[in-house]
Amino acid sequence: MLVSFFKDPEFANVDSSENESIPFRGTILRTKSGKFSSVSEPCVSCTTFNILAPIYKRLDQQNQNVRESDFRAFWLARNERIVDWLLYESSSIICLQEFWVVNEELVQMYEQRLGASGYDTFKLARTNNRGDGLLTAIHKEYFRVLNYRELLFNDFGDRVAQLLHVQSVIPFLQNNDDSMQQEILIVNTHLLFPHDSSLSIVRLHQVYKILQYLETYQRENKLSQVPVMLCGDWNGSKRGHVYKFLRSQGFVSSYDIAHEYTDSDHKWVSHRNHRGNICGVDFIWLRNPNKSIKPLKISWAEAAFGIIKYQLQTAQLNEKDAFDFLRADNNGNYITYSDFCDALKQLKLTSLSHGLSFQEMKDLWVQADVDGNGVLDYDEFKRIWYCTCSEHIDEDSNSEDSNEGITKEAFGFAVKNAILFPREVEKGIWPENYHLSDHARLTALFSPVRLRCSQKSL
């Protein structure tokens, strides 16, 4: 069985006969008709790929303890093949997850080969010696790295994230305004797997921490005018709370924009998990500086209320039943703070190790108790049920729609194209002869654009 891995076409060397399978190489773009054309304008490409750490890759479904990490020839050949693809595509930005950081030979191979091809590399291990982590590579021909930060969540799942602040080596856009920053903030991360629905709040926490950190970094460094890319394995689909939370914060999925898919379209997949389920979980998110967004704390509260509603519905409670559940045994037609906290505990959304903290429960309560009288009546409860904490802001609006406060030109990106490989996953099919990883590789191509930002955006 194991010998068959070397016969797989994924382990062949890259050659010209495989070009039709390559998403992008340098500034080459595949059009929607399937043909390649040169890109005359300057472009930036980004690849995100969960490369499946050998310590997790199962080689025998009958014996789950047989892992690729026990067979050097296998994991080395597969990872050499991965690097072959990465170097052939030559993306400006590469974000890898499940990088086997504790294996010095594998780390050295990646760093040497990527370094020799012009990349600066940054690796980060998950906390508590989990064995794998992240690797981000930035091509020096495109960007210089101005700052690098590591985010250690120190929560359930030992997840981490990398933040890179980069600047274009050669300005993409010629302009008369020297203050227009041609810089990008890039995040690479890998969220917790949703082993059960109660962990949704942990995953939401992880994204909230990333966005809080981003917000603080942008404010402290006066970077409100720069685009942000969030890359990685989000371990959740477009149906999930994390997706909706990011959309409410002005982020768009580059793949869906490129293929003109709506939030309700679920036509593609990017992962076959250990349960055998296929799903779309790998994203390159983009937020340009001209997005009008809700305050982060409001978006987070709405997302948290969405999870509370989901847990209540999972318990087969309708709106009225859910209200009765939350008000518990009190005789009044209202919910007290104590009842609210007890209900969240029953829904497994609070604990000492993970879940909502005391302060977060208090913050949610303040958002829900609109009139501040210390209890929630039925009308206030419906704000939780329908997850509304404030007036909605159109997340697709921008300052060009307003005549007020136009003060600055800003640098941003338009999505030119995005491709998943192997190509079958774009149709929702997982090919049985694909063994490079249990994830597809996502590459997106962006072209720089000028944006107009209002004073409010700055």
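Numbering starts at 1 and runs along the sequence shown. Note that the structure is a prediction, hence the values are computed from the model and not measured.
The aromatic ring centroids of Y310 and W385 lie 6.0 Å or more from each other. A ring-centre distance under 6.0 Å is not found for F305 and W300. Taking the centre of each ring, H259 and Y255 come in below the 6.0 Å mark. Between H139 and Y142, the ring centre distance stays below 6.0 Å. Taking the six-membered ring wherever Trp is involved, the centroid distance between the rings of F421 and W85 falls below 6.0 Å. Between Y110 and F99, the ring center distance clears the sub-6.0 Å criterion.
With respect to the salt-bridge test (charged N to carboxylate O, under 4.0 angstrom), the residues K382 and E319 do not qualify. Using a cutoff of 4.0 Å between basic side-chain nitrogens and carboxylate oxygens, D158 and R130 are scored as salt-bridged. The pair K238-D256 meets the salt-bridge criterion, since a charged nitrogen lies less than 4.0 angstrom from a carboxylate oxygen. The pair R423-E426 meets the salt-bridge criterion, with a side-chain N (NZ, NE, NH1 or NH2) lying under 4.0 Å from an Asp/Glu carboxylate O. Ion pairing between a basic and an acidic side chain is recognised when a charged N comes within 4.0 Å of a carboxylate O; K244 and E302 show no such pairing.
In summary, the side chains of Y261 and H266 do not present any donor paired with an acceptor at a separation below 3.5 Å, with no hydrogens or angles considered. T48 and Q97 share a side-chain donor-acceptor pair at under 3.5 Å. At a cut-off of 3.5 Å, with distance as the only test, no side-chain donor of E98 or Y56 sits close to an acceptor on the other residue. Side-chain contact, T262 with S264: a donor N or O sits under 3.5 Å from an acceptor N or O. Defined by atom type and a distance below 3.5 Å, a donor-acceptor pair is present between the side-chain atoms of Q359 and D363. When only modelled atom types and interatomic distance are considered, S224 and Q218 share no side-chain donor-acceptor pair under 3.5 Å.
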_Is there a side chain to side chain contact (heavy atoms under 4.5 Å, CB included) between H165 and V145? Walk through the geometry before answering._
CA-CA 6 Å; H165 176 194; V145 178; over 6 Å; no
*Could you walk me through whether L347 and F325 pass the side chain to side chain contact (heavy atoms under 4.5 Å, CB included) test, one step at a time?*
CA-CA 11 Å; L347 293 172; F325 171 76; 4.2 Å; yes
*Test side-chain hydrogen bond (donor to acceptor under 3.5 Å, both in side chains) on Y334 and D339 and set out the steps.*
CA-CA 10 Å; Y334 54 79; D339 295 334; over 6 Å; no
*Residues F283, W268; criterion ring pair (Phe, Tyr, Trp, His ring centres under 6.0 Å); working and verdict*: CA-CA 12 Å; F283 291 88; W268 57 271; 5.5 Å; yes
*Step-by-step side chain to side chain contact (heavy atoms under 4.5 Å, CB included) determination, C46 to S91*: CA-CA 5 Å; C46 178; S91 287; 5.9 Å; no
*Take I186 and L230 through the side chain to side chain contact (heavy atoms under 4.5 Å, CB included) test and state the conclusion after the steps.*
CA-CA 6 Å; I186 304 161; L230 306 181; over 6 Å; no
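The aromatic rings of Y378 and F381 sit tilted, their planes meeting at an angle between 30° and 60°.
Shown here for L192 and Q206, the closest heavy-atom pair between the two residues is N-OE1, 3.2 Å. Nearest heavy atoms, M109 versus V83: SD-CG2, 3.7 Å. Between L134 and N188, the shortest heavy-atom contact is CD1-O, 3.3 Å. Of all heavy-atom pairs spanning Y434 and A440, the tightest one is OH-CA, 4.2 Å. Nearest heavy atoms, I307 versus L204: CD1-CD2, 3.8 Å. Residue A137 comes nearest to Y119 through the heavy atom pair CB-CD2, 3.7 Å, listed as atom of the first residue, atom of the second, then distance.
Both the sub-6.0 Å distance and the 45° axial angle are satisfied by K362 relative to the ring of Y337. For the pair R159 and F153, the cation-pi criterion (under 6.0 Å, within 45° of the ring axis) is not fulfilled.
The closest side-chain heavy-atom distance from W100 to N103 is below 4.5 Å. Between F446 and V415, the closest side-chain pair of non-hydrogen atoms falls below 4.5 Å. At a threshold of 4.5 Å between non-hydrogen side-chain atoms, the residues W285 and S254 do not count as touching. Looking at heavy atoms from C-beta onward, R126 lies in side-chain contact with D132 at the 4.5 angstrom threshold. With contacts defined as side-chain heavy-atom distances shorter than 4.5 Å, the pair D371/E380 qualifies. Under the 4.5 Å side-chain criterion, counting only non-hydrogen atoms from C-beta, F143 is in contact with S92. Contact check for T314 versus L312: no side-chain heavy atoms found under the 4.5 Å cut-off. Between I335 and D377 the shortest side-chain heavy-atom distance does not fall below 4.5 Å.
Using modelled atom types, one side-chain atom of S90 and one backbone atom of L87 make a donor-acceptor pair closer than 3.5 Å. S237 places no side-chain N or O within donor-acceptor distance of the main-chain N or O of G280, the cut-off being under 3.5 Å. S117 places no side-chain N or O within donor-acceptor distance of the main-chain N or O of L114, the cut-off being under 3.5 Å. Remark: side-chain polar atoms of R67 are not paired, donor with acceptor, to backbone N or O of K57 under 3.5 angstrom. Between the side chain of H271 and the backbone N or O of D438 there is at least one donor-acceptor pair closer than 3.5 Å. At distances below 3.5 Å, at least one donor-acceptor pair connects side-chain atoms of E360 with backbone N or O atoms of S357. In this structure, the side chain of N221 engages the main chain of Y217 through a donor-acceptor pair within 3.5 Å. Remark: the backbone N or O of R450 is not paired with any side-chain donor or acceptor of E409 at under 3.5 angstrom. Under the 3.5 Å distance criterion, the side-chain polar atoms of R149 are left unmatched by any main-chain donor or acceptor of Y213. The backbone N or O of F122 sits less than 3.5 Å from a side-chain atom of Q162, completing a donor-acceptor pair.
Taken to the nearest 0.5 Å, the CD1 atom of I284 stands 7.5 Å off from the SG atom of C95. In this structure, NZ in K267 is found 4.5 Å from CG in D265, a value given to the nearest 0.5 Å. Rounded to the nearest 0.5 angstrom, L344 CG and I201 CD1 are separated by 8.5 Å. Here the straight-line distance linking atom CG of L86 with atom CZ of R441 works out to 7.0 Å at 0.5 Å rounding. Separating the CZ atom in F49 from the OG atom in S270 is a distance of 10.5 Å, to the nearest 0.5 Å. Summarising the geometry, atom CZ belonging to F413 is positioned 3.5 Å from atom CD1 belonging to I184; distances are rounded to the nearest 0.5 Å.
By the neighbour-count criterion of 12 heavy atoms within 6.0 Å, atom NZ of K123 is sparsely surrounded, having that number or fewer from other residues, nucleotides or ligands. For K427, the NZ atom sits in a loose shell: 12 or fewer heavy atoms of surrounding residues, nucleotides or ligands are nearer than 6.0 Å.
With sequence neighbours left out, the side chain to side chain contact (heavy atoms under 4.5 Å, CB included) criterion links I278 to V269, R272, W430.
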